[in-house]
Protein chains: 2
Amino acid sequence: MPTSKDVAALAGVSQSTVSYVMTGKRPISEKTRLRVEAAIEQLTYRPNAGARALASRKSQVIGLVIPITPEVHLGSIMEFVAVIAATARRFDHDVLLVTDQEGNQGLERVVGQQLCDGLILMQVQADDERIPVVRKLGVPVVFIGIPNDSTGLNCIDADFARAGELCVEEMAGAGHTNGVIIGWRPRLVGSRLNYVDRFLGGANAAAERLGVSLEHLPATSDRRSIEAAVDSCIAASQGMPAFVSPDVTVLELLPRILHEKGLEPGRDASVIGVGPVPDTMLALEETTILDIQPSLVSQHAVELLLRLMTADHPDAGGTLELIPPLVTHRHGTAGHSVPAPQSAS
Amino acid sequence: MPTSKDVAALAGVSQSTVSYVMTGKRPISEKTRLRVEAAIEQLTYRPNAGARALASRKSQVIGLVIPITPEVHLGSIMEFVAVIAATARRFDHDVLLVTDQEGNQGLERVVGQQLCDGLILMQVQADDERIPVVRKLGVPVVFIGIPNDSTGLNCIDADFARAGELCVEEMAGAGHTNGVIIGWRPRLVGSRLNYVDRFLGGANAAAERLGVSLEHLPATSDRRSIEAAVDSCIAASQGMPAFVSPDVTVLELLPRILHEKGLEPGRDASVIGVGPVPDTMLALEETTILDIQPSLVSQHAVELLLRLMTADHPDAGGTLELIPPLVTHRHGTAGHSVPAPQSAS
DNA sequence: AGTTGTAGTCGATACGCTTCAACGATACGT
DNA sequence: ACGTATCGTTGAAGCGTATCGACTACAACT
């Protein structure tokens with residue numbers, strides 16, 4: 001492996017000049033810069049990461065702490081991971097994977113070893129145990145998820161409250177007076193992963209404000225109980241029911257059930273899907289979709305972290321960034337027939 | 001951050017002694033070792049990764065190259081990623097994420113910068129473009145997947161050929177003369193991701209050997225075409241049809257369809273599921289399952305890589321390791337009624 | 001003319017660790 | 001008693017980079 005010394009020799013300059021060419025921290029004449037760059041090219045020189053980290057006290061690596069709990073859908077996590085890695089690269093950083101099963105020790109380890117200059121924590125819980133540790137970690141940390149007490153922390157997440165609100169506004173706008181939210185996993189309701197609660201909170205507030213009566217049913221992939229819910233909603237809504245669900249299976253079933261009962265989604269009934277949007281969901285023609293935009297959340301998380309990392313001042317107050325959901329009307333909501341994507345403000 | 005010099009001062013020894021205590025590369029007396037360990041504990045000393053890498057020329061990091069292509073189910077990839085990260089930690093290594101979209105440049109970069117001492121490549125294709133680059137990379141590399149020409153390479157994967165064979169053996173053993181394989185994504189058949197072909201190859205060979213007539217249908221989540229397939233199989237098999245599928249949706253549908261036609265899986269018919277086994281699949285009581293064991297593959301990949309990394313000799317011939325599928329009979333196959341897990345030899 | 005400033009380069013040092021050669025001390029064999 | 005291994009420890013020499021201070025040359029002001 002060639003070193004910067006080899007490059008210097010070949011270019012006929014000192015080693016420090018090579019360094020300044022690479023970092024651009026001192027002015028270098030056009031002439032010598034070209035000579036050095038040619039030498040770098042010719043030797044395919046790449047700066048040794050360890051040496052660079054040692055001397056500069058920056059590793060150019062961000063640590064990504066991933067959850068291992070079976071609570072969460074692996075595919076969704078992977079979407080975050082992939083986008084975070086790709087975004088980090090765009091800013092000349094790499095990503096080190098840290099699994100949750102190492103717990104707080106893992107955080108202290110990677111920071112203590114100076115393996116990375118900053119951390120992104122996924123799947124942050126309302127009363128996350130990692131928070132006290134993070135507070136005195138000494139490197140910038142970005143949370144994906146919103147804990148109860150986020151003062152002084154840097155948090156980012158999809159705006160689930162706004163999503164809930166939007167769902168109800170969609171309903172009300174289409175003339176519904178009655179809606180059913182169906183399909184959040186019961187385990188998650190009221191759990192330490194508070195995004196479901198944030199969603200329900202937003203939905204309930206909007207329902208009260210707009211005079212929509214809202215019912216909430218836990219998840220079930222059982223067709224009969226879904227049908228029962230449909231029936232009761234039809235009865236209560238005088239034949240104009242509206243449904244919201246994060247569950248792909250439920251979303252697939254609903255239009256069929258409605259058709260069988262002589263109702264047509266987009267005319268007499270509304271079906272709204274919420275969540276990360278896999279391909280399967282895009283196939284649901286009769287469903288209005290609220291995309292939670294995980295990739296946008298990931299991207300902003302990286303950008304926020306990098307901003308914190310380059311800030312000389314130790315971070316002041318903390319940050320709270322909520323990414324608004326992206327609404328796509330696709331025949332799903334009564335009264336809307338144009339399948340054009342449309343961003344929520 | 002305390003350094004090893006601080007530890008040495010506190011323990012009253014030289015800095016090199018601290019190093020030898022950490023690495024164990026020289027004998028140290030019980031007495032001073034305890035003193036040093038106490039000092040380490042007291043200062044919560046952690047060796048600086050960059051300095052260590054620089055001096056020892058080992059980063060204790062393995063690079064994991066993940067595919068970004070939408071071809072592959074993100075959840076499956078994540079399972080590999082999580083297990084690889086966890087296994088690496090068990091052997092005191094960390095994992096650096098490298099996305100495929102950097103291409104060959106990415107491989108050369110992380111190795112050139114000496115960010116990692118070895119690589120695991122996922123999603124290896126039959127004629128993978130990365131192979132020529134890997135051959136002269138200078139660090140050990142383990143492939144997950146089997147390219148056409150694997151000479152001199154270290155490959156590991158689930159034994160899909162054996163899985164195909166086992167499926168047909170299950171059928172034949174249960175007295176079926178007729179089977180349908182249904183549900184591989186058509187895009188993947190004959191594609192550069194050759195595991196589907198390996199599976200079909202094994203299945204066809206076994207079918208010929210055992211006198212089973214085998215049909216192959218591409219994936220479809222459309223209920224009608226599945227029903228048609230069922231009908232034709234019933235007709236051809238004199239009322240004893242057998243089915244194999246990697247698709248959860250298909251596997252959920254099949255028992256229902258069979259029941260409607262008066263056939264009971266486990267008695268008159270057989271349903272066999274193949275693939276990585278998500279929770280949803282475990283709920284399929286009437287299905288025999290061939291688990292492809294992604295986590296075992298991942299684990300062995302890490303162990304193989306670490307073995308290669310510690311071997312002083314540059315790796316000789318290469319390795320080809322196939323992980324046999326794990327068969328679980330669960331009322332799925334006609335003639336078997338005991339739901340006991342059972343390993344394939 | 002002298003002073004000040006700036007662009008461009010170099011030499012030397014520090015970063016925190018591993019590792020080698022070398023040393024004293026202790027045990028062993030004859 | 002002597003040489004000869006072995007154990008336990010040390011000091012010093014790197015590993016490859018970033019960065020600081022210093023130096024030169026030359027332009028731009030007084």
Side-chain angles (χ1 to χ4, degrees), chain A residues 1-37 39-40 43-61 92 109-117 310 312, chain B residues 1-37 39-40 43-61 92 109-117 310 312:
Chain A
M1 297 275 181
T3 72
S4 62
K5 205 185 292 180
D6 301 327
V7 174
L10 180 57
V13 297
S14 78
Q15 180 266 325
S16 55
T17 300
V18 175
S19 178
Y20 287 124
V21 168
M22 302 240 37
T23 62
K25 294 195 177 174
R26 289 251 175 120
I28 296 286
S29 74
E30 178 82 1
K31 196 173 48 176
T32 71
R33 208 199 54 218
L34 290 175
R35 270 217 319 286
V36 170
E37 283 169 352
I40 288 176
L43 300 176
T44 62
Y45 164 72
R46 310 197 200 259
N48 179 295
R52 191 204 276 270
L54 179 57
S56 70
R57 341 188 105 256
K58 298 221 161 296
S59 64
Q60 304 271 90
V61 169
D92 206 39
R109 185 178 63 81
V110 292
V111 172
Q113 294 192 144
Q114 305 188 45
L115 272 165
C116 56
D117 314 324
T310 55
D312 316 319
Chain B
M1 297 274 179
T3 71
S4 63
K5 204 184 292 180
D6 301 327
V7 175
L10 180 57
V13 298
S14 78
Q15 184 262 337
S16 53
T17 300
V18 175
S19 178
Y20 288 124
V21 167
M22 304 241 30
T23 62
K25 292 193 177 177
R26 289 264 171 111
I28 298 286
S29 74
E30 178 82 2
K31 194 174 46 176
T32 72
R33 207 198 56 215
L34 290 175
R35 270 218 318 286
V36 171
E37 283 169 352
I40 289 176
L43 300 176
T44 62
Y45 162 71
R46 309 199 200 256
N48 179 295
R52 190 205 277 271
L54 180 57
S56 69
R57 343 192 101 249
K58 299 223 161 295
S59 64
Q60 304 272 90
V61 170
D92 205 38
R109 184 178 64 81
V110 293
V111 172
Q113 294 193 140
Q114 305 187 45
L115 272 165
C116 58
D117 314 324
T310 53
D312 317 319

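The sequence lines fix the lettering, A, B, ..., with proteins before strands; numbering per chain opens at 1.
Close to C:dG16, at under 4.0 Å from its OP1 or OP2, lies no side-chain N or O of B:T3. Between D:dA18 and A:K25, no contact under 4.0 Å exists linking OP1 or OP2 to a side-chain N or O. Close to C:dC17, at under 4.0 Å from its OP1 or OP2, lies a side-chain N or O of B:Y45. Phosphate contact (OP1/OP2 of D:dT17, side-chain N/O of A:S19, threshold under 4.0 Å): absent. Residue A:T23 places none of its side-chain N or O atoms closer than 4.0 Å to OP1 or OP2 of D:dA18.
Backbone-only engagement by B:V13 is indicated by non-hydrogen atom pairs under 4.0 Å involving sugar-phosphate atoms exclusively. Using a 4.0 Å heavy-atom distance criterion, A:P47 is classed as a sugar-phosphate-only contact. Across all strands, B:S4 comes closer than 4.0 Å only to sugar-phosphate atoms, never to a base (heavy-atom distances).
A heavy atom closer than 4.0 Å to some atom of DNA chain D occurs in B:I28, B:S29, B:T32, these being the qualifying members of residues 28-35 of chain B. Remark: B:L54, B:A55, B:R57 in residues 49-60 of chain B come within less than 4.0 Å of DNA chain D through at least one heavy atom.
Residues A:R46 and B:S16 both approach DNA chain D. Their nearest nucleotides, taken by heavy-atom distance, put B:S16 toward the 5′ side. Between A:R26 and B:K5, it is A:R26 whose nearest contact on DNA chain C lies nearer the 5' terminus.
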Full working for side-chain contact (heavy atoms from CB on, under 4.5 Å) between A:M1 and A:N48: CA-CA 9 Å; A:M1 297 275 181; A:N48 179 295; over 6 Å; no
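Across the protein-nucleic acid pair, B:Q15 atom CD and D:dA12 atom P stand 12 Å apart, rounded to whole Å.
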Bracket string, DNA chain C, 5' to 3' - pairs by Watson-Crick or G-U geometry under 3.5 Å, | interstrand: .|||||||||||||||||||||||||||..
